[in-house]
Amino acid sequence: MQVSSTKFLDGFRFFLALWVVLAHFYTLVGGVMFIPLPRLLEGFNHPIIAVYGFMAITGFLMTYNYISREHKEPVNHKYTFIKFWLRRLFRLYPVYILLITIAFISFTKNAKVNEENLIFFTGSNVSQWGFVRSVTQPSIPDFISHILLVHGLFPEFHDSILGVTWSLSLEMQFYFLFPFIFLFTFAYKSSHQKKLVLFLLVCTFLAVLSPKVFDFLTTYFSLPKFKLPSILTYTMPLFLFGMLSAGVRLKKISPVYLIIAIILLFSFQAFLTNLVLSIFLLFLFLDKLEPFIPAFMVRIFSSTRSIMSGKLAGYGADISYSLYLIHTLLIGYILQFTITLFSDQSVSKLTIALVALALTLIICFTICYFIYLLIEKPFIKLGRSVVDKIVDKKKSMAPSLVE
């Protein structure tokens, strides 16, 4: 498999992160209460679909990297599990712990700034989704649940401090289970890989059933309600879809199983989610699909994939994680600064919003690049070093999980 066939994921990840930023900016200036979107762009107002795209990419990359390392890190070896978990921890936790702590300490101030901005743009503190965001300082147990990345399991905590982190808790649930899922589906003979599709079928059933179960518990037992799908049963099919895609791309799984998965998964997803997943598949398998696509369209798709694989896209991929986490901490203050800047001038609210948007992108991109250079990159390197020193010394002595 050529590196270029997956390099487009750099641009794809950046696009999805940018979608989340722009959609949240739109919400913080009032959303449809400020400027209604054209019907064609209404899907843009649902950044959760971009997060679903991230989940498929996560499933793909974890599987792709796992398979790529299996010649030196046997998948049935318990220290392979530990190495995987440590790598993910060093990759994600340093930036996360910094920003979640800042968000907790500054929560009340952030919330009040966002409320004031919303009143400026719409005349009301009610969001476009019909609720008033709490300005009450979250509790210590809430903060601890975030520190431990288990907040997604609790309806009252899952989006309380830094809203976007519900998906981090969800990903951690997947990371914990991933080595076991991989062992169950990829570590055996090819005939046993049908289990992945069977598992997808079961998880799709659970994904459809979960909202109904939790709604029942909320209605009849007065339990708190999950506003976001922060429990893995809601979204496991998306991760598994990514895993299947990697298996097919690396010729570990028959394409027939991916086709079955597409039929199964797409039947229960919204149109825009299916579109995002379809674009992912198109670029991933473009070389295989060329005979079935008109030549002029192949040229367009190839050029687009090249752009998504370039240096600018690589920069976007580098900052996408911190951009996803930090933007809601910055947007409110940038809006407040811009409102104050034009307070004595006859400038429309739309102009103020556009200037603030430009400043948001410039400031976020700059800060996130420094976060990548000063925190993410060093900790990724440190993680590799620690993993090698701690695990490889014991590796030769460790028993296999599967004989």
Side-chain angles (χ1 to χ4, degrees), residues 16-29 31 46-48 50-52 54-55 58 88-89 91-118 127-129 131-175 224 226-231 235 319-336 360 363-365 367-368 370-372 375-376 379:
L16 294 176
L18 195 57
W19 179 352
V20 174
V21 172
L22 294 176
H24 285 160
F25 182 92
Y26 179 65
T27 294
L28 290 172
V29 296
H46 299 282
I48 194 171
V51 180
Y52 290 160
F54 275 124
M55 292 174 190
T58 295
R88 299 319 297 158
L89 190 66
R91 171 67 183 90
L92 300 175
Y93 201 68
V95 173
Y96 171 80
I97 195 67
L98 171 65
L99 296 181
I100 202 66
T101 301
I102 292 173
F104 178 73
I105 294 172
S106 61
F107 180 86
T108 301
K109 175 64 175 175
N110 296 340
K112 289 180 177 178
V113 166
N114 287 332
E115 185 177 58
E116 291 169 3
N117 293 336
L118 193 60
S127 77
Q128 66 168 335
W129 308 116
F131 63 86
V132 177
R133 187 75 179 182
S134 173
V135 296
T136 303
Q137 179 66 28
S139 65
I140 294 298
D142 190 342
F143 181 55
I144 292 173
S145 75
H146 279 76
I147 293 294
L148 298 176
L149 281 163
V150 297
H151 55 284
L153 302 175
F154 302 95
E156 62 270 41
F157 295 158
H158 73 299
D159 68 338
S160 55
I161 297 178
L162 185 59
V164 295
T165 60
W166 67 270
S167 65
L168 265 293
S169 179
L170 181 64
E171 285 205 9
M172 287 301 168
Q173 296 166 45
F174 173 70
Y175 292 146
F226 286 99
K227 298 191 291 291
L228 291 164
S230 58
I231 293 184
T235 55
I319 69 169
S320 62
Y321 174 58
S322 56
L323 179 64
Y324 178 78
L325 287 179
I326 202 173
H327 67 276
T328 54
L329 290 176
L330 298 176
I331 291 174
Y333 294 102
I334 296 171
L335 281 169
Q336 186 182 61
T360 295
I363 293 171
C364 282
F365 289 175
I367 291 176
C368 291
F370 281 108
I371 288 176
Y372 173 74
I375 301 177
E376 292 183 64
F379 271 98

Which pair of heavy atoms, one from [X] and one from [Y], lies closest together, and at what distance?
X    : Y    : value
A17  : F54  : N-CZ, 3.5 Å
T165 : H151 : O-NE2, 2.9 Å
P138 : F107 : CD-CD2, 3.3 Å
V113 : Y333 : CG2-CE2, 3.9 Å
Y324 : V51  : OH-CG2, 3.8 Å
S160 : R133 : O-NH2, 4.3 Å

Do [X] and [Y] make a side-chain contact, defined as non-hydrogen atoms from C-beta onward lying under 4.5 Å apart?
X    : Y    : answer
L18  : F365 : yes
L330 : T360 : no
H146 : L162 : no

Mind checking the [atom1]-[atom2] spacing from [X] to [Y]? Nearest 0.5 Å is all I need.
X    : Y    : atom1 : atom2 : result
I367 : I319 : CD1   : CD1   : 11.0 Å
I161 : S139 : CD1   : OG    : 7.5 Å
L149 : L92  : CG    : CG    : 8.5 Å
S169 : L148 : OG    : CG    : 10.0 Å
Y372 : Y321 : OH    : OH    : 14.0 Å
I331 : L28  : CD1   : CG    : 5.5 Å

| message | Let's go through Q128 and Y26 carefully: what are the C-alpha distance in whole Å and the side-chain angles of both, what is the deciding distance for side chain to side chain contact (heavy atoms under 4.5 Å, CB included) to 0.1 Å, and is it a yes or a no? | response | CA-CA 10 Å; Q128 66 168 335; Y26 179 65; 4.0 Å; yes
| task | Show your reasoning for whether side chain to side chain contact (heavy atoms under 4.5 Å, CB included) applies to F143 and T101. | result | CA-CA 8 Å; F143 181 55; T101 301; 3.9 Å; yes
| task | Would you confirm whether S127, through its side chain, and F131, through its main-chain N or O, come within 3.5 Å as a donor-acceptor pair? | result |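 Side chain of S127 to backbone of F131: a pair is present.
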| request: Ignoring hydrogens and angles, tell me if any N or O in the side chain of E115 forms a donor-acceptor pair with the backbone of V132 under 3.5 Å. | output: no
| message | If you apply the rule side chain to side chain contact (heavy atoms under 4.5 Å, CB included), what do you find for F174 with L170, and how did you get there? | response | CA-CA 7 Å; F174 173 70; L170 181 64; over 6 Å; no
| With respect to L325, which candidate in I371, L98, V95, I100 satisfies the side-chain contact (heavy atoms from CB on, under 4.5 Å) definition? |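 Among I371, L98, V95, I100, the one meeting side-chain contact (heavy atoms from CB on, under 4.5 Å) with L325 is V95.
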| task | Dump the intermediate steps for side chain to side chain contact (heavy atoms under 4.5 Å, CB included) on N117 and V29, then the final yes or no. | result | CA-CA 7 Å; N117 293 336; V29 296; over 6 Å; no
| task | May I ask you to check whether over 12 heavy atoms, not counting those of F104, lie within 6.0 Å of atom CZ? | result |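 More than 12 within 6.0 Å, yes.
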| message | Tell me whether the rings of W129 and H46 are parallel (<30°), tilted (30 to 60°) or perpendicular (>60°). | response | tilted
